[in-house]
Visitor: 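Below are the structure tokens for one structure; questions will follow.
This is a predicted model, so every value here is computed, not measured.
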Amino acid sequence: MKHVLARLCAGLVLLVGGLAAAAPPASAAINHEVPFPCGQTWSGQTRTNHSPLRSVDFNRTNDSGDAVAASAAGTVVHRGSMAGTSYGNLVIVRHSDGTATYYAHLSGFNVSQGQSVSQGQVVGYVGGTGFPNTPGGFGAHLHYEQRSSVGGTAVSIRFDGVTALYYGTRNYTSSNRCGGSANPYTAKEVCGSGYSVIDSAAIGTKGRTYLLYNSGNGYNCVVTLKTSGFTASSTSAFLEVQGRTRVTDSGSYTYYAGPVRRAAPGTCVKWGGSITGTSWTSPFEHCG
């Protein structure tokens, strides 16, 4: 399992100008889940100098580019950069009871403006965007908020009805989109916008490992997806660019291992993965 690494982030503005919107009629209270794929454990930090005060910063080791999932179903009412604020790339989801969730500092998006999203759907990817007054920022992490409305007051965050720890650091294990007989994630969803599957291979009867490529930036990405046995178990994905050190993501995962991304324009790659003792490894290939 990936180790947890807490990092600080710059204070964030309390209100986002121009985003206040009329709330829909009130309905049943929304139950929120931890904003990451099922089974992942993240370190959530709260502190007395955070702005807004009730927000949570989430971290784990090597988390840049990791998937961020909607904590509850709703409609995307903002998807883009917040120029002049510390939020950077921000997604705001408005929920059926008029409340909203904010997902900040993203490295990229997986949703569009006005799109309806389900609980657990990937909305973007962990990054370090924002921090206009802080050269270099504080590293990649997710800044997360629950608000009374779009542009409203930040409220105490609750997951499965339990209030987050204020103030300090606590580990949170996601139950988001757990259950069901099929894997709710796709390789493209895990790797992110711009990636397309160029190859895949079965790992016995337990799952598949996928190789994807982004022609826009020359990066490859590898993900291993389970097709059954959706409980936390040893799962890995690796990518080796010829002439460079192999990079592996391995741990006790419920649905997938990865993404593992590396630049490899015009260079051969070796790739593969494993699930509970069964593995598959390619030769060096896809050299174009």
Visitor: Quick one: pull up CG in Leu53 and CD in Glu145 and give me the separation to the nearest 0.5 Å.
Guide: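 These two atoms lie 11.0 Å from each other.
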Visitor: Under the side chain to side chain contact (heavy atoms under 4.5 Å, CB included) criterion, do Val76 and Val117 qualify, and how do the steps go?
Guide: CA-CA 7 Å; Val76 177; Val117 295; 3.9 Å; yes
Visitor: Looking only at heavy atoms, what is the nearest atom pair of Asn176 and Ala69, with distance?
Guide: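 So the two residues come closest at ND2-CB, 3.9 Å.
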Visitor: Does Tyr144 have its ring centroid less than 6.0 Å away from the ring centroid of Phe159?
Guide: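 They qualify: ring centres under 6.0 Å apart.
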Visitor: Using the six-membered ring of Tyr219, assess whether NZ or CZ of Arg261 lies under 6.0 Å from its centre and within 45 degrees of the ring axis.
Guide: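 So Arg261 doesn't make the cation-pi contact.
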Visitor: Between Trp271 and Val260, is a side chain to side chain contact (heavy atoms under 4.5 Å, CB included) present by the stated rule, with each step listed?
Guide: CA-CA 10 Å; Trp271 57 283; Val260 180; over 6 Å; no
Visitor: Can you find a heavy atom in the side chain of Arg262 that is under 4.5 Å from one in the side chain of Asn220?
Guide: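 Result no, sub-4.5 Å side-chain heavy-atom pair not found.
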Visitor: About how many Å separate OG1 of Thr46 and CZ of Arg54, when rounded to the nearest 0.5 Å?
Guide: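 Arg54 atom CZ to Thr46 atom OG1 measures 8.0 Å (nearest 0.5 Å).
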Visitor: Contact between Leu239 and Val269 at the side-chain level, heavy atoms closer than 4.5 Å - yes or no?
Guide: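 Touching, per the 4.5 Å side-chain cut-off.
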Visitor: Can you tell me how far the OG1 atom of Thr281 sits from the NZ atom of Lys270, to the nearest 0.5 Å?
Guide: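 It is 7.5 Å, given to the nearest 0.5 Å.
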Visitor: Got a second to check how far Phe58's CZ is from Tyr103's OH, nearest 0.5 Å?
Guide: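 Output value for this atom pair is 10.5 Å.
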Visitor: Hey, any chance Val111 and Tyr125 share a hydrophobic cluster, counting ILVMFWY side chains that come within less than 4.5 Å of each other, even indirectly?
Guide: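 As far as the 4.5 Å side-chain criterion goes, Tyr125 and Val111 are not connected within one cluster.
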Visitor: For a quick test of reading the model, state the closest non-hydrogen atom pair linking Lys226 to Thr254 and the distance between them.
Guide: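 Looks like CD-O, 3.2 Å.
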Visitor: Could you check whether any side-chain heavy atom of Gln40 comes within less than 4.5 Å of a side-chain heavy atom of Tyr256, counting everything from C-beta outward?
Guide: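 When only atoms from C-beta onward are counted, Tyr256 and Gln40 do touch, with a gap below 4.5 Å.
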Visitor: Given side chain to side chain contact (heavy atoms under 4.5 Å, CB included), test Thr75 with Ser116 step by step and report yes or no.
Guide: CA-CA 4 Å; Thr75 302; Ser116 294; 4.2 Å; yes
Visitor: Over all heavy atoms of both residues, which pair between His32 and Thr101 is shortest? Give the atoms and the distance, please.
Guide: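 Scanning both residues, the minimum pair turns out to be CE1-CG2, 3.4 Å.
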Visitor: Between atom CD1 of Ile275 and atom CZ of Arg208, what is the distance when rounded to the nearest 0.5 Å?
Guide: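 Here the interatomic distance stands at 10.5 Å.
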Visitor: State, to 0.1 Å, how close Ser236 and Ser274 come at their nearest heavy-atom pair, and which atoms those are.
Guide: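 Closest approach of Ser236 to Ser274: OG-OG, 2.6 Å.
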Visitor: Could you tell me which non-hydrogen atom of Asn183 sits nearest to which non-hydrogen atom of Tyr185, and how far apart they are?
Guide: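 Asn183 and Tyr185 have their closest heavy atoms at OD1-N, 3.0 Å.
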